[in-house]
Amino acid sequence: MTDLLTIVLAAGEGTRMRSALPKVLHEVGGLPLVGHVVRTMATGGASLSVVIGPNHDAVRQRVEALSPGTVFATQSERLGTAHAVRQAEPSYREARGHVLVLYADTPLVSPATVKAIADKLDAGADIVVVGFRPADTTGYGRLLVENGRLTAIREHRDATEDERRVPLCNSGIMGFRADTLRGVIDRIGNHNAKGEYYLTDAVELANGDGRKVEVVEADADEVIGVDDRRKLAQAEKQFQQLRRDDFMRAGVTLRDPDSVYFSWDTEIAEDVTIHPNVVFGPGVKIAAGAEIRAFCDIEGATIGQGATIGPFARIRGGAEIGDDVHLGNFVEVKKSVLHEGVKAGHLSYLGDAEVGARTNIGAGTITCNYDGVNKDKTTIGADAFIGSNSSLVAPVTIGDRAYVASGTVVTSTVNADDLAIGRARQDNKPGYAPKLKARALAIKQSKSGK
Ligand code: UD1
């Protein structure tokens, strides 16, 4: 395969986002916009150069974490897309293969489109531009094609009425043979309506040099550019659609696909069923045959084979849910290991806990893991039974096969096979109930004055 250098333009201000956060750090599917582009290219083995704005240390840090080895260039003044590419000159100075220019705010470009560009360059094109046909062409550069060749890209502001009627627009994604890029980039001027150095002018210059410039078409949904919060929401919608389709193709049943939201890194094995209204945050892995019932919120967790979760369960960071575990309604689990076959059917909080295989956690059981300052651990053995409405005050250990009676507040170790009861003893008063009722009625009457 020909060497591929990718230059990602990320220096834009993003003023229309109206945000303290740099635009390219806004997230789609839990991953920053720039992260999508970087991941798509890094997995394809390309070397990366990212052009950032002067106050964009946060962008640099996020990208470095996702793709160590990425090179950065800073564009101190925002003078246009060609000027931005020039800031990455040290990376393309010696490049011998292809150079791909992507926008950090265009997150959903597919590997298939990248491949289509590379194939055309391999087949002899000098520049390849990704075009698309938006419903509303206002603001986009128009692709002027003659006899199958792209002769020029005309920015909307600089276009004539006739040129503005052209439906094929520039997505901004362009591939170059490295020598072609070097041959045109320094000749691009800024004599246009915006007074900017337009990368798009490379097309006319290359044509003047007798070079071959071609177009690859992509769906408008794929090359959606995010410049405000509405476009961010559209990109999220499109991303979710793609993930849902991927999972269904991979053998996951989604009862109501449109109501299930995935993260960029969600991993789900075959034969998992997901009911409506489920949200996955980052870091979730689900093994084969598990069932996630309606209205669950799950992040940072692994879920074992055949486990059933929900409805209305909340599974948080550091939860390791074993095979065949059952967690029912209003159960919250955080940073806990639940071994095979554990059952917590209703209304529980399990935090900083380890629960042994097949142990039953009764309704209303709470691990009291926080004393207002420290977090402590609760350890429960295998085959134990925790009665309903028990408070387990950490740090505390409950042994294998132990029983904890309902309503117990456990504050010290319960050994294996022991029973712990910690509650006030019941005291029955025979025949006392009618007297209590009579007294209550008397109080009511005296209040109403009758
Ligand atoms: C650009 C294209 C236009 C295309 C449109 C698609 C040019 C001249 N025009 O226009 O043909 O239809 O994208 O969305 O290329 N950037 C920098 N530094 C700069 C300028 C831009 O890093 O000095 C980055 C921005 O962060 C952004 C991208 O380049 O990611 C595009 O810049 P923008 O100014 O939004 O270009 P458009 O005017 O939309």
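Counting convention: from 1, in listed order, for ligands and their atoms alike. No experiment lies behind these values; they were computed from the predicted model shown. For the numbers below, each heavy atom of this structure counts, side chains included, while hydrogens, waters and symmetry mates do not.
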Geometry only, no angles: is [X] polar-contacting ligand 1 at N/O separations under 3.5 Å?
{"X": "Gly139", "answer": "no"}
{"X": "Ala84", "answer": "no"}
{"X": "Arg78", "answer": "yes"}
{"X": "Glu77", "answer": "no"}

Between [X] and [Y], does any side-chain N to carboxylate O distance fall below 4.0 Å?
{"X": "Arg249", "Y": "Asp245", "result": "no"}
{"X": "Lys120", "Y": "Glu214", "result": "yes"}
{"X": "Arg133", "Y": "Glu217", "result": "yes"}
{"X": "Asp228", "Y": "Arg230", "result": "no"}
{"X": "Arg16", "Y": "Asp227", "result": "yes"}
{"X": "Arg187", "Y": "Asp209", "result": "yes"}
{"X": "Arg182", "Y": "Asp179", "result": "no"}
{"X": "Arg358", "Y": "Asp383", "result": "yes"}

Atoms in ligand 1 flagged as close to [X], the criterion being non-hydrogen separation under 4.0 Å:
{"X": "Leu9", "answer": "22 (O), 24 (C), 29 (O), 30 (O)"}
{"X": "Leu79", "answer": "23 (O)"}
{"X": "Gly141", "answer": "3 (C), 4 (C), 11 (O), 12 (O)"}

Ile173 to Ser171 - nearest heavy-atom pair and separation: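 Minimum heavy-atom separation between Ile173 and Ser171: N-OG, 3.1 Å.
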Residue pair Ala394 / Asp376: nearest heavy atoms and the distance that separates them: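 Closest approach of Ala394 to Asp376: CB-O, 3.4 Å.
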Protein residue, atom and distance nearest to [atom], heavy-atom basis:
{"atom": "atom 30 (O) of ligand 1", "answer": "Asp105 OD2, 3.2 Å"}
{"atom": "atom 26 (O) of ligand 1", "answer": "Gly12 N, 2.9 Å"}
{"atom": "atom 10 (O) of ligand 1", "answer": "Glu155 OE1, 4.0 Å"}
{"atom": "atom 2 (C) of ligand 1", "answer": "Tyr103 OH, 3.5 Å"}
{"atom": "atom 8 (C) of ligand 1", "answer": "Tyr198 CD2, 3.3 Å"}

Side chain, backbone, both or neither: which part of [X] has a heavy atom under 4.0 Å from ligand 1?
{"X": "Gln75", "value": "side chain"}
{"X": "Glu196", "value": "neither"}
{"X": "Ala11", "value": "both"}
{"X": "Val51", "value": "neither"}

When you measure from the heavy atoms of [X] to every atom of ligand 1, does any distance fall below 4.0 Å?
{"X": "Lys194", "answer": "yes"}
{"X": "Ser171", "answer": "yes"}
{"X": "Gly80", "answer": "yes"}

Within-4.5 Å side-chain heavy-atom neighbours: Val215 and Val128: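 No, side chains not in contact.
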Heavy atoms from other residues, nucleotides or ligands near CZ of Arg229 exceed 12 (cutoff 6.0 Å):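 Yes, CZ of Arg229 has more than 12 neighbouring heavy atoms, counting only those of other groups under 6.0 Å.
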Test item: side-chain donor near acceptor, Asp136 and Thr138, under 3.5 Å: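 Distance-only check passes for Asp136 and Thr138.
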Heavy-atom nearest option to atom 12 (O) of ligand 1, drawn from Val50, Asn170, Thr81: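 Looking at heavy atoms only, the winner is Asn170.
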Protein contact for [atom] (heavy atom, distance under 4.0 Å):
{"atom": "atom 34 (O) of ligand 1", "answer": "yes"}
{"atom": "atom 37 (P) of ligand 1", "answer": "no"}
{"atom": "atom 23 (O) of ligand 1", "answer": "yes"}

Near-ring test Phe295/His275, centroid separation under 6.0 angstrom: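 Centroid separation for His275 and Phe295: 6.0 Å or greater.
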